[in-house]
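Reminder, nothing fancy here: chain letters follow the sequence lines and each chain counts from 1. Values reported hereafter were calculated over all heavy atoms of this structure, with side chains retained and with hydrogens, waters and symmetry mates removed. All values reported here derive from a predicted model rather than from experimental measurement.
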Amino acid sequence: MIVRTRFAPSPTGFLHIGGARTALFSWAYAKKHQGAFILRIEDTDVARSTPEAVQAILDGMQWLGLDYDEGPFYQMQRMDRYKAVLKQMLEEGTAYYCYCSKEELEALRESQMQQNLKPRYDGRWRPEAGKVLPTPPADIQPVIRFKNPQTGNVVWHDLVKGEISIANQELDDLVIARADGTPTYNFCVVVDDWEMGITQVIRGDDHVNNTPRQINMLYALGATIPQYAHLSMILGDDGQKLSKRHGAVSVMQYDEDGYLPEAVLNYLARLGWSHGDEEIFDMAQFCAWFDLDHITPSAAQFNTEKLRWLNAHYIKQTDSAVLAIDIKKRLAKLNIHLQDILAQQFPQLNAVLDLYKERVHTLNELASSIAYFYQPPVFDQTAVEKHLTSDIKPVLNGLVEALKEVEWQPEHIHQAIETAVTQNQLKFPKVAMPLRVALTGNAQSPSIDQVMALLGKDQTLARIADAIN
RNA sequence: GUCCCCAUCGUCUAGAGGCCUAGGACACCUCCCUUUCACGGAGGCGACCGGGGUUCGAAUCCCCGUGGGGACGCCA
């Protein structure tokens, strides 16, 4: 059978990390089996769905490179189909009208809770052979409920969690269409998964309890039952549940924070899934390896440190010319506009990135750490006081003179510094550190001769002169 | 409360009865490299939730307990 998976977010917010992983796994499963990955927007909650959220989800998917073969389908555009199925179920007697008011239902729930019972609909409008139903009140618009079987168990083999069995006694007759006629989530999912021919439903763990209801409806419709794989949730760095209020951020925030999509993808792939000891792999490799058997059934805690480590790896691995496109934008946010300064013979961005990309964990760090090449250094006072001492200034002065005559290559620059070091009977760092502070503004940088070579002779001499005075 | 699910280093995980004196990765610590800080390299610290079974043998299977999570909407 051809594999068909789907990602079915509701557009009530951005694409967060948990949703992204669900999408990634569904996507990879389809790719692995040369199947189709479908995007379906579940927007039947009109009050909470927004076009902005739809766009945010689409943006997130695009940033991650999770392309879909079909869709996006919008459930609100499939109303006719749902209504037809609803009508059919009403006629076949697998669904019925319920005239309970919300207040009535609320009272029922409360009394059940007080008796330590599981709150559920008591079936007062459920038609039964020989049962006399109440007279429909004229002022109530009815909802439609699914007539769930009352005996037996629903059992399925979850591809992640193994066999799960739930007694029909635990289930009540859920509302499948609201009083205003719009169908609800559990019903739309069933119709769509069925009609879109979904073979594996890969989704969050919070849907486990919906699964038996959906399976019952699928049976009632005579539909094929897909396989289910329920992914456990992702916890925040602090081990707490992620929510709008606490820690849940858009995947686009990772872009904002300087993470490469490759790193986020690789990280997410390893969160809850594994392939032996493999830690670093690209998506082609992931799709080749991916299987549902090696998904962990327990919840996973997000670890930003590990993401940072992966991000550093991917930054190192990315060609500087490619990095440059992104870094220009980040520099612009720091008010450094390269198109204006390159003309003034500042170093080529690619060369600077070659020197710095080995040392950072995020693109933002990369951008800010090279800023001094394109603007006057911002001095770290502690470093200045420690290294730019008055006793070293004459040495630097002498060095400036010597440097004027040097051919501007790292090895020649190095030689000039070395000479100054010996002539003044100093250790190399004693000269290198003040130079570093004078040129970069702080006490950390790559090899100082490399930095000077890139900075250029004019800038180097000017900055040393500034620092001395 | 009821139902469902989960449980290996601080974190992500390997582990399908003997290969486990439990392996890898992040983080942490030490050392090396060194022109500072990183990077890199080499080591180190560090875990099978508890109790009962089953078995010649259990991290792995079963039961109970404990802890954690999820669901119980005219939300998805």
Under the side-chain contact (heavy atoms from CB on, under 4.5 Å) rule, what do A/Lys427 and A/Val421 come out as? Steps first, then yes or no, please. CA-CA 6 Å; A/Lys427 298 279 189 198; A/Val421 166; 5.8 Å; no
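- Partners of A/Asp43 under the salt bridge (charged side-chain N to carboxylate O under 4.0 Å, His left out) rule, at least two apart in sequence or in another chain, do not exist in this structure.
- Salt bridge annotation for A/Asp172-A/Arg213: present, with a cationic side-chain nitrogen under 4.0 angstrom from a carboxylate oxygen.
- For A/Tyr96 and A/Trp125, the distance between ring centers is not under 6.0 angstrom.
- Distance from the side chain of A/Trp309 is smallest to B/rA27 among B/rU11, B/rC6, B/rA27.
- Comparing B/rA59 with B/rG65, their P atoms are spaced 23 Å from each other, to the whole Å.
- Residue-environment remark: CD (A/Gln141) stays at or below the threshold of 12 foreign heavy atoms within 6.0 Å.
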Under the side-chain contact (heavy atoms from CB on, under 4.5 Å) rule, what do A/Leu58 and A/Leu39 come out as? Steps first, then yes or no, please. CA-CA 10 Å; A/Leu58 261 21; A/Leu39 178 62; 3.6 Å; yes
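- Comparing atom distances between the A/Gln301 side chain and each of B/rU11, B/rC4, B/rU35 picks out B/rU11 as nearest.
- Comparing B/rC49 with B/rG43, their P atoms sit 29 Å apart, to the nearest whole Å.
- Nucleotides B/rA16 and B/rG52 have their C1' atoms positioned 24 Å apart, rounded to a whole Å.
- With both pairing distances under 3.5 Å, B/rA71 is matched to B/rU2 as a Watson-Crick or G-U wobble pair.
- For B/rC49, the paired base is B/rG65 (Watson-Crick or G-U wobble, both distances below 3.5 Å).
- Heavy-atom neighbours of A/Gln425 CD from other residues, nucleotides or ligands within 6.0 Å: at or below the threshold of 12.
- Legend: residues meeting side chain to side chain donor-acceptor pair (under 3.5 Å) with A/Ser111, ordered by chain and number and at least two apart, are absent.
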Along nucleotides 67-74 of chain B, 5' to 3', which nucleotides get a B, which get an S, and which get a -, given that the test is a protein heavy-atom distance under 4.0 Å? --SBSBSB
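- A donor-acceptor pair shorter than 3.5 Å can be found between the side chains of A/Asp192 and A/Tyr82.
- Both A/Asn116 and A/Ser10 lie near RNA chain B, and the one whose nearest nucleotide falls closer to the 5' end is A/Asn116.
- Checking B/rU35, B/rC5, B/rU36 against the side-chain heavy atoms of A/Lys161 singles out B/rC5 as nearest.
- Residues A/Ser447 and A/Asp449 bring a donor and an acceptor atom of their side chains to less than 3.5 Å of each other.
- Nucleotides B/rC62 and B/rU54 have their C1' atoms positioned 7 Å apart, rounded to a whole Å.
- With a cut-off of 3.5 Å on both pairing distances, the Watson-Crick or G-U wobble partner of B/rA42 is B/rU30.
- Side-chain atoms of A/His414 come within donor-acceptor range of the base of B/rU35, with a qualifying N/O pair under 3.5 Å.
- Of the side-chain N and O atoms in A/His230, none sit less than 4.0 angstrom from OP1 or OP2 of B/rC4.
- Judged by the 6.0 Å and 45° rule, A/Arg145 forms a cation-pi pair with A/Tyr121.
- Scanning all heavy atoms of the two residues, the minimum distance from A/Leu218 to A/Pro226 falls at CD2-CD, 3.8 Å.
- Among the nucleotides B/rU35, B/rG24, B/rC3, the one closest to the side chain of A/Lys306 is B/rG24.
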Tabulate atom names and distances for all N/O pairs under 3.5 angstrom spanning the protein and nucleotides 44-46 of chain B.
none

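- Rounded to a whole Å, the CZ atom of A/Phe187 is 13 Å from the P atom of B/rA76.
- Listed by residue number, A/Arg270, A/Leu271, A/Gly272, A/Ser274 are the residues of residues 262-275 of chain A with a heavy-atom contact under 4.0 Å to RNA chain B.
- Here the two rings, on A/Phe290 and A/Phe25, have centers that are under 6.0 Å apart.
- Between the side chain of A/Thr296 and the base of B/rU13, no donor-acceptor pair of N or O atoms lies under 3.5 Å.
- Separation of the A/Phe281 and A/Trp289 ring centroids falls under the 6.0 Å cut-off.
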N/O to N/O distances under 3.5 Å, protein versus nucleotides 21-23 of chain B:
{"from": "B/rG23", "atom 1": "N2", "to": "A/Asp277", "atom 2": "OD1", "distance (Å)": "3.1"}

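- Checked by atom type, the side-chain pair A/Thr184/A/Asn186 shows no donor-acceptor distance below 3.5 Å.
- Out of B/rA7, B/rC39, B/rC26, the shortest distance to the side chain of A/Ser298 is found at B/rA7.
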